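Keep in mind it's a predicted model, so treat the numbers as computed, not measured.
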Amino acid sequence: MPREPIDLDRWRAAGRIAAGARELGLRLTVPGARRRDVAEAIEEYVRGQGAQPAFPANLSRNVEAAHYTPSIDDEAVFAPGDLVKVDVGAHLDGAIADTADTVEVGGTHRHENLVRAAHDALRDGIAQVRPGVRVDEVSRAIAQAIRARGLRPIEDLTGHSIERYLLHAGKSIPNVPGASDATLIEGEVIAIEPFATNGVGHIANGPFGNIARFRADPGPSDPVLAGLFGRFRTLPFAMRWATTPEEQAALRRARRWLQTYPVFLERGHGLVAQAEHTVLVGPGRAEILSVVP
Ligand code: CO
């Protein structure tokens with residue numbers, strides 16, 4: 001099925017901005033840095049580049065695999081040896097880039113094998129990308145790279161296709177083979193995001209991660225809510241982005257319109273490393289969009 005042509009330059013620009021935000025987040029994640037300050041610096045960088053965060057800066061730590069963003073009163077600071085996933089998104093008029101990397105706080109080198117496994121898996125997965133290739137081949141390369149280091153891929157977290165204003169557009173890119181019948185199509189934008197763990201390779205839902213998303217347009221009857229929908233559309237947002245008491249109250253009234261995200265915890269209490277790029281399924285190969293120029 002032919003795909004709608006997309007404005008590639010806009011997707012490339014979003015990719016560069018997200019990559020810059022990722023690198024900033026990695027640099028700021030040092031011992032003693034406050035998790036909320038790092039998240040806000042990442043999001044401010046994205047806005048300063050003329051884009052919007054496509055989702056809150058996720059700073060999941062150690063056994064937290066994904067979907068934690070600081071709340072407005074999170075005072076936690078990073079400690080040496082923390083394994084932190086800096087997972088960031090930027091969008092330009094709905095053209096989204098999603099990218100992540102893992103930093104070991106303080107450069108303690110305790111978890112190097114985990115970080116390298118995620119990097120190897122991302123590299124090997126991307127190397128499989130071309131039009132017409134089965135998603136399963138990408139998944140197989142990811143799983144092999146992680147298992148080669150004596151670790152496990154997290155089976156229930158997947159990469160995903162991306163469309164305008166849709167972060168998870170319907171096609172999954174699993175981190176283990178045998179889970180997809182799909183093939184990649186030229187012109188498609190996908191995020192590939194392997195997670196490596198020394199745990200059991202599955203996640204469990206933890207507490208609320210301070211991230212929500214409108215399931216649908218709540219309509220104009222509640223003007224404050226309509227204003228929030230106008231800002232966030234159906235993309236994930238941080239509860240701390242609702243800054244006024246009126247906005248916070250509107251979100252409390254709006255629970256039925258909202259999907260809320262729990263933190264994903266490694267089920268065996270394993271440590272988790274992640275690496276992610278947004279790539280274009282280009283003619284013949286992948287073009288990595290989330291790169292620093
Ligand atoms: Co993603």
Given 3.5 Å as the limit, does a donor-acceptor pair link the side chain of [X] with the main chain of [Y], or not?
{"X": "N58", "Y": "H67", "answer": "yes"}
{"X": "E104", "Y": "H109", "answer": "yes"}
{"X": "K85", "Y": "V272", "answer": "yes"}
{"X": "R240", "Y": "R36", "answer": "no"}
{"X": "R10", "Y": "L92", "answer": "yes"}
{"X": "H277", "Y": "S290", "answer": "yes"}
{"X": "H202", "Y": "D156", "answer": "no"}
{"X": "R134", "Y": "G132", "answer": "no"}
{"X": "Q248", "Y": "P245", "answer": "no"}
{"X": "N113", "Y": "R149", "answer": "yes"}

Which atom pair, heavy atoms only, marks the closest approach of [X] to [Y]?
{"X": "P131", "Y": "P283", "answer": "CG-CA, 4.3 Å"}
{"X": "V138", "Y": "L184", "answer": "CG2-CD1, 4.2 Å"}
{"X": "I190", "Y": "S161", "answer": "CG2-CA, 4.0 Å"}
{"X": "V135", "Y": "P174", "answer": "CG1-CD, 3.7 Å"}
{"X": "V63", "Y": "L271", "answer": "N-CD2, 4.3 Å"}
{"X": "I96", "Y": "E163", "answer": "CD1-O, 3.9 Å"}

Using a 4.5 Å cut-off on heavy atoms from C-beta on, say whether the side chain of [Y] contacts that of [X].
{"X": "L59", "Y": "V86", "result": "yes"}
{"X": "V84", "Y": "F78", "result": "yes"}
{"X": "L24", "Y": "V88", "result": "no"}
{"X": "H91", "Y": "Y165", "result": "yes"}

### I192 with I288, same ILVMFWY side-chain cluster at under 4.5 Å
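Linked, I192 and I288 end up in one cluster.
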### Message
In this structure, would V263 and Y261 fall into the same cluster of hydrophobic residues linked by side-chain contacts under 4.5 Å?
### Response
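No: no chain of side-chain contacts under 4.5 Å links V263 to Y261.
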Electrostatic pair [X]:[Y] at N-O distance under 4.0 angstrom:
{"X": "D93", "Y": "R164", "answer": "yes"}
{"X": "R22", "Y": "D101", "answer": "no"}
{"X": "E44", "Y": "R47", "answer": "yes"}

### Task
Write out all pairs satisfying side chain to side chain donor-acceptor pair (under 3.5 Å) with one or both partners inside residues 169-178, taking only residues at least two apart or from two chains.
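Matches after skipping sequence neighbours: K171-E188.
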### Message
Can you list everything that forms a side-chain hydrogen bond (donor to acceptor under 3.5 Å, both in side chains) with R267? Sequence neighbours excluded, please.
### Response
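R267 satisfies side-chain hydrogen bond (donor to acceptor under 3.5 Å, both in side chains) with no residue once adjacent residues are dropped.
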Supply the atom-to-atom distance [X] [atom1] to [Y] [atom2], rounded to the nearest 0.5 angstrom.
{"X": "T243", "Y": "I72", "atom1": "OG1", "atom2": "CD1", "answer": "7.5 Å"}
{"X": "F195", "Y": "E155", "atom1": "CZ", "atom2": "CD", "answer": "14.0 Å"}
{"X": "R12", "Y": "D7", "atom1": "CZ", "atom2": "CG", "answer": "9.5 Å"}
{"X": "R16", "Y": "L289", "atom1": "CZ", "atom2": "CG", "answer": "9.5 Å"}
{"X": "M239", "Y": "L258", "atom1": "CE", "atom2": "CG", "answer": "6.5 Å"}
{"X": "T278", "Y": "E193", "atom1": "OG1", "atom2": "CD", "answer": "8.5 Å"}

### Query
Going through the checks in order, is the side chain to side chain contact (heavy atoms under 4.5 Å, CB included) test met by R140 and D136?
CA-CA 6 Å; R140 188 180 313 280; D136 211 43; 3.1 Å; yes
### Message
Would Q274 and D87 count as a side-chain hydrogen bond (donor to acceptor under 3.5 Å, both in side chains) here? Give the steps.
### Response
CA-CA 9 Å; Q274 173 204 19; D87 190 347; 3.1 Å; yes
### Query
Parallel, tilted or perpendicular for F232 and F237, by the 30°/60° rule?
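Judged by the thresholds at 30° and 60°, the geometry between F232 and F237 is parallel.
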### Task
Just say parallel, tilted or perpendicular for the rings of F214 and F229, cut-offs at 30° and 60°.
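Geometry flag for F229 against F214: perpendicular rings.
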### Task
Please determine which of I142, T158, I154 meets the side-chain contact (heavy atoms from CB on, under 4.5 Å) test together with P194.
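It is I142, the one option of I142, T158, I154 that forms the side-chain contact (heavy atoms from CB on, under 4.5 Å) with P194.
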### Query
Do we see a donor-acceptor contact under 3.5 Å between the side chains of Q259 and R215?
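On atom types as modelled, these side chains do not qualify, holding no pair under 3.5 Å.
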